[in-house]
Amino acid sequence: FPVTIPATHYILNGGLGDVIAASPVIKYAIENFHKDGKYLVSTVPAYRDILWFVPDNRFNSIFERYEFKEEYRHARIFPQGVPDVPKSSLSKVASYNLINKVLRDEDYEYPLYPENIDVGKYNVDFSRAVIIAVGFRSPVRKWNKEVLRKLTEYIVQKDLIPVLIGTSKEPFDPNSPLVKYQQGDEAKVLDVRDITTCVNLIDKTNLKDLIGIFQQSKCLVAYDGGPVHLAGLTNIPIVCAYTYVNPDYRMFVRHKKLGWNMYPVTVGKEKCRFCYTDWHLFNYRFDECWTGTLECGDYKLQQFTDHLDKIS
């Protein structure tokens with residue numbers, strides 16, 4: 001449908017990382033296009049805290065009893081509607097999609113959460129915590145359990161506390177007609193019942209609490225995904241494993257610098273990697289792995305511990 005730029009309604013119907021990546025674009029649009037306050041931002045109710053800069057009267061919760069209303073037909077929607085742009089970050093794709101404009105690099109800076117969140121109810125000394133995200137939607141972003149086990153043991157040896165996070169709960173109503181637009185498989189978490197050298201907070205946190213945990217913790221270690229982008233709303237150091245996406249096009253801006261306080265982990269050039277950003281085959285589900293080898297996620301313990309040594 002044709003749409004006026006700037007739009008007056010922005011619908012964010014992607015996953016957690018997509019919505020956070022779009023947040024600096026929404027913030028830019030509000031500050032530069034909508035000083036009159038005539039706009040609406042719609043997304044999953046669970047993502048309300050991510051868009052903290054959107055006033056309550058400009059925020060619309062959808063995906064619960066959502067109906068495709070006539071007046072919504074001309075909204076700008078991200079990520080659905082415009083194909084990915086090769087060699088571009090998620091935030092840059094969001095700016096193409098939502099406001100039809102390329103911003104300055106510093107304008108893509110993730111908005112830091114403005115207040116400290118109390119997470120004392122978890123009874124964890126997060127100042128000594130290394131957070132490990134173990135949720136995944138595709139096999140190429142799934143931890144090797146033995147590597148994960150050794151990583152938790154290594155963290156304990158450094159007198160730090162490994163804390164596992166993740167969720168198998170979807171943030172949207174499964175009966176919503178927009179569920180079909182969600183990318184990837186359903187949310188899963190690694191079975192870690194036999195890993196005892198850790199604090200297990202899997203399925204025990206909400207997004208706001210996770211922001212508070214990231215605000216206080218030593219470091220986050222994770223495969224590229226929603227928790228990494230959520231951590232981007234804080235100053236926490238991030239060790240992130242990248243598989244089918246080149247980190248140059250998936251890391252984000254904090255403190256006006258791409259990849260600030262981020263430590264990317266990748267396999268060597270001799271292995272298959274970065275197919276999503278390097279090949280750019282339109283509409284191919286790269287999380288299913290083109291070769292079937294899952295080489296891009298074949299990491300060794302030292303690739304993570306080398307970065308942890310620099311941080312701690």
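Source: prediction; values computed, not measured.
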State, with a plain yes or no, whether a side-chain heavy atom of [X] is found less than 4.5 Å away from one of [Y].
X: Ser42; Y: His9; answer: yes
X: Phe214; Y: Phe126; answer: no
X: Lys218; Y: Ile161; answer: no
X: Ile99; Y: Tyr10; answer: yes
X: Ile311; Y: Val239; answer: yes
X: Leu258; Y: Asp105; answer: no
X: Val119; Y: Gln215; answer: no
X: Leu207; Y: Leu16; answer: yes

Taking only Lys NZ, Arg NE, NH1 and NH2, and the carboxylate oxygens of Asp or Glu, determine whether [X] and [Y] approach each other closer than 4.0 Å.
X: Arg149; Y: Glu146; value: yes
X: Lys204; Y: Asp209; value: no
X: Lys27; Y: Asp107; value: no
X: Asp298; Y: Lys300; value: yes

Report yes or no: does [X] contribute a side-chain atom to a donor-acceptor pair with the main-chain N or O of [Y] at less than 3.5 Å?
X: Gln216; Y: Ser127; answer: no
X: Asn97; Y: Val93; answer: no
X: Thr243; Y: Arg141; answer: no
X: Lys145; Y: Asp191; answer: yes
X: Asp18; Y: Gly15; answer: yes
X: Glu295; Y: Cys272; answer: yes

With hydrophobic residues grouped by side-chain heavy-atom distances under 4.5 Å, do [X] and [Y] end up in a single group?
X: Val102; Y: Phe252; answer: yes
X: Trp260; Y: Val221; answer: no
X: Phe274; Y: Val267; answer: no
X: Tyr96; Y: Ile20; answer: yes

Between atom [atom1] of [X] and atom [atom2] of [Y], what is the distance when rounded to the nearest 0.5 Å?
X: Leu151; Y: Glu153; atom1: CG; atom2: CD; answer: 9.5 Å
X: Ile131; Y: Ile155; atom1: CD1; atom2: CD1; answer: 9.0 Å
X: Cys198; Y: Ile132; atom1: SG; atom2: CD1; answer: 7.5 Å
X: Arg254; Y: Ile238; atom1: CZ; atom2: CD1; answer: 4.0 Å
X: Leu230; Y: Tyr113; atom1: CG; atom2: OH; answer: 10.5 Å
X: Ile211; Y: Leu112; atom1: CD1; atom2: CG; answer: 10.5 Å

- Query: Will you find, in the side chains of Tyr154 and Asp309, an N or O donor that is under 3.5 Å from an N or O acceptor?
  - Reply: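 Side-chain D/A pair, Tyr154 to Asp309: present.
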
Would one find more than 12 heavy atoms of other residues, nucleotides or ligands at under 6.0 Å from atom [atom1] of [X]?
X: Lys158; atom1: NZ; value: yes
X: Lys257; atom1: NZ; value: no
X: Glu106; atom1: CD; value: yes

- Query: Should Thr305 and Lys150 be marked as a side-chain contact (heavy atoms from CB on, under 4.5 Å) after you check the CA-CA gap, both sets of side-chain angles, and the distance that decides it?
  - Reply: CA-CA 10 Å; Thr305 58; Lys150 291 179 179 178; over 6 Å; no

- Does Tyr299 have its ring centroid less than 6.0 Å away from the ring centroid of Tyr223?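 Yes - the distance between ring centres of Tyr299 and Tyr223 falls below the 6.0 Å cut-off.
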
- Task: Look at the aromatic rings of Tyr110 and His229 and report parallel, tilted or perpendicular, splitting at 30° and 60°.
- Result: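 Geometry flag for His229 against Tyr110: tilted rings.
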
- Message: Using 30° and 60° as the class boundaries, would you call the ring planes of His307 and Tyr263 parallel, tilted or perpendicular?
- Response: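 Rings of His307 and Tyr263: tilted, as their planes differ by 30° to 60°.
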
- Between Ser95, Ser89, Ser91, which is the residue that forms a side chain to side chain donor-acceptor pair (under 3.5 Å) with Tyr108?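 Among the candidates, only Ser95 passes.
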
- Ile50 and Trp52: CA distance, side-chain angles, deciding distance, side-chain contact (heavy atoms from CB on, under 4.5 Å) verdict: CA-CA 6 Å; Ile50 294 168; Trp52 54 266; over 6 Å; no

